[in-house]
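Right, one structure below, let's go through it.
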Amino acid sequence: MLPLFASLLLVATALSASSPPALALDNGACTDDYCGLFDFCYEEEIMQMADAMASVSSGMQDLGYQYINLDDCWGGPRSANGTLTADTSRFPSGSLAKVTSYVHSLGLKMGLYLCAGNETCKYKRPGSWGYFDQDAQTVADWGIDFVKLDWCNHPNLPPPTVYGMMRDSLNKTGRPIVFSACEWGEDEPWTWGMETANMWRVHKDHLPLWGSEQGTANIIQSMAHLSKYAGPGGWNDPDFLMTMLPPLTERESRTEFAFWALFAAPLIVATDIRNMTDVKQSILLNPEVIAINQDAFAIAGDIALNNTDGTQVWTKPLSPSVDNRYAVILYNSNDVGDKNITIPWSILNWGNNAQAEVRDLWARERIGYIKANYTAINVPPRGHMLISITILQ
Ligand SMILES: *[C@@H]1O[C@H](CO)[C@@H](O)[C@H](O)[C@H]1NC(C)=O
Ligand SMILES: *[C@@H]1O[C@H](CO)[C@@H](O)[C@H](O)[C@H]1NC(C)=O
Ligand SMILES: *[C@@H]1O[C@H](CO)[C@@H](O)[C@H](O)[C@H]1NC(C)=O
Ligand SMILES: *[C@@H]1O[C@H](CO)[C@@H](O)[C@H](O)[C@H]1NC(C)=O
Ligand SMILES: *[C@@H]1O[C@H](CO)[C@@H](O)[C@H](O)[C@H]1NC(C)=O
Ligand SMILES: *[C@@H]1O[C@H](CO)[C@@H](O)[C@H](O)[C@H]1NC(C)=O
Ligand SMILES: *[C@@H]1O[C@H](CO)[C@@H](O)[C@H](O)[C@H]1NC(C)=O
């Protein structure tokens, strides 16, 4: 089953062509960062995040969130023998072993960022090019469970070659490590991802914005027609969830989460989980929405109808029996104007007389038993309705 992640990320800088947004640290070093994203990347902060994820009141761990991931924020210089070290201003021992051991003690797992080039994207921390075997062994020795390999300053070789090298380096350590290929979707990583990594980014960094090339709306569209490449062991990765990070609104944040769930995408939370608001909790911790993401069929959802009025219908087959149950997003992709959006049973290959139970997954309540089609009424712009439809036998 697909692991869920909470991520401590580093802020993607406005200047960085690369990856990761996240939680950052307001230490004055981040003045070129934007959108109120901060790195949370001190030993103490990481342990606080792990505590928050593991706490009963947050409920995250119970729902399946299990990884604490650091992005490009932790690296110190290489030591004389070439071993990668951690920035001692953040990790006094120069290693991630202590914090990883703490995270493990809570029953959680630890993820770490590396870069395929010879420098990372931010602040020129050491990249792994030329050191793949050594760095893989170092992070394995620290107990790391997840590695994201970024693509800044990459060597002039095809991405499948470079990512295949790190796959092999990680394999040689003998430690099971989830491998995330962050090549920004440049070379159709879905076509080579499954044999190379456990997840592959389909696009440039996702930023906490609705419009723009790197905004949520465009990332959603960039996931269309990619479902066939995903499955157990390998997933399309639309990047971090920007839940309620300004200027993303609640409605936009809900639409984001519903789509990530339908995509069977890694759920990597970029917001501060230490002090969640009710709204954040209602989005990130809705068990019926998470169940769509984690469904036992492990089939990614995809677009089924792209209507000329800017509305779309996306579907995901659900367990337990083939062609009997679907998750459906009725999506109004327009920036203005409410829409009524219909899913006709015909696109599920059901007859008009088929009776089906329709359930509102956000509200967690049954809507009714319905024939022929279901119409979501007055769906606001950038909003959606997320339902499950189960045919009655
Ligand atoms: C490399 O140097 C580091 C830091 O000085 C040390 O902890 C490590 O044991 C050394 N590794 C090897 C293989 O010599
Ligand atoms: C980075 O790698 C290139 C080759 O890919 C090499 O020519 C260059 O010297 C390296 N730079 C550093 C800072 O190691
Ligand atoms: C290494 O690869 C082999 C062959 O794919 C696989 O059976 C094994 O489980 C892998 N081991 C690790 C630690 O990834
Ligand atoms: C948590 O949020 C509340 C309400 O926004 C605020 O009053 C409190 O200071 C926050 N606590 C922490 C530790 O951030
Ligand atoms: C949906 O249709 C619009 C044109 O109406 C097009 O611009 C867009 O790319 C289509 N989206 C998908 C995912 O096919
Ligand atoms: C949606 O349908 C309802 C009637 O079922 C109607 O009152 C409403 O005006 C429609 N909304 C839109 C945006 O067309
Ligand atoms: C939905 O089904 C009803 C009953 O068959 C039919 O009258 C109606 O035209 C359908 N609506 C749409 C939008 O397909």
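Each ligand, and each atom within it, is numbered from 1 in the order the structure gives.
At a threshold of 4.0 Å, the pair K228-D302 does not count as salt-bridged, since none of the basic side-chain nitrogens sits closer than that to a carboxylate oxygen.
With ligand atoms numbered from 1 in the order given, ligand 5 contributes 13 (C) to contacts under 4.0 Å with heavy atoms of A224. When each atom of ligand 6 is checked for a heavy atom of N378 under 4.0 Å away, the hits are 1 (C), 8 (C), 10 (C), 11 (N), 12 (C), 13 (C). The atoms of ligand 6 that sit less than 4.0 Å from any heavy atom of D338 are 13 (C). Close contacts between ligand 5 and Q221 involve ligand atoms 11 (N), 12 (C), 13 (C) [criterion: under 4.0 Å to a heavy atom]. Within ligand 5, the atoms closer than 4.0 Å to a non-hydrogen atom of I303 are 13 (C), numbered from 1 in the order shown.
A cation-pi contact, defined as under 6.0 Å to the ring centre and within 45° of the axis, is absent between R167 and F179.
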Working for disulfide bond (SG atoms under 2.5 Å apart), residues C121 and C115: CA-CA 8 Å; C121 299; C115 185; 4.8 Å; no
Determine, stepwise, if the pair I268 / L241 fulfils side chain to side chain contact (heavy atoms under 4.5 Å, CB included). CA-CA 6 Å; I268 308 183; L241 291 158; 5.8 Å; no
Check the pair E183, R201 against salt bridge (charged side-chain N to carboxylate O under 4.0 Å, His left out), reporting the backbone distance first and the verdict last. CA-CA 6 Å; E183 167 274 6; R201 280 271 303 279; over 6 Å; no
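Residue-to-ligand polar distances place N306 within reach of ligand 5: an N/O pair is separated by less than 3.5 Å.
Scored by the side-chain contact (heavy atoms from CB on, under 4.5 Å) test, M194 finds W200 as partners (sequence neighbours excluded). Contacts of E213 classified as side chain to side chain donor-acceptor pair (under 3.5 Å), with partners at least two apart in sequence or in another chain: K204.
Protein residues with a heavy atom closer than 4.0 Å to ligand 7 are T342, A372, N373, listed by chain and number.
Taking the six-membered ring for Trp and thresholds of 30 and 60 degrees, W362 and H384 have ring planes more than 60 degrees apart, a perpendicular arrangement.
Cluster partners of I341, using a side-chain heavy-atom cutoff of under 4.5 Å among ILVMFWY residues and allowing indirect links, are L305, V313, Y326, V328, L330, I343, W345, I347, L348, W350, V358, I367, I370, Y374, V379, M385, I387, I389, I391.
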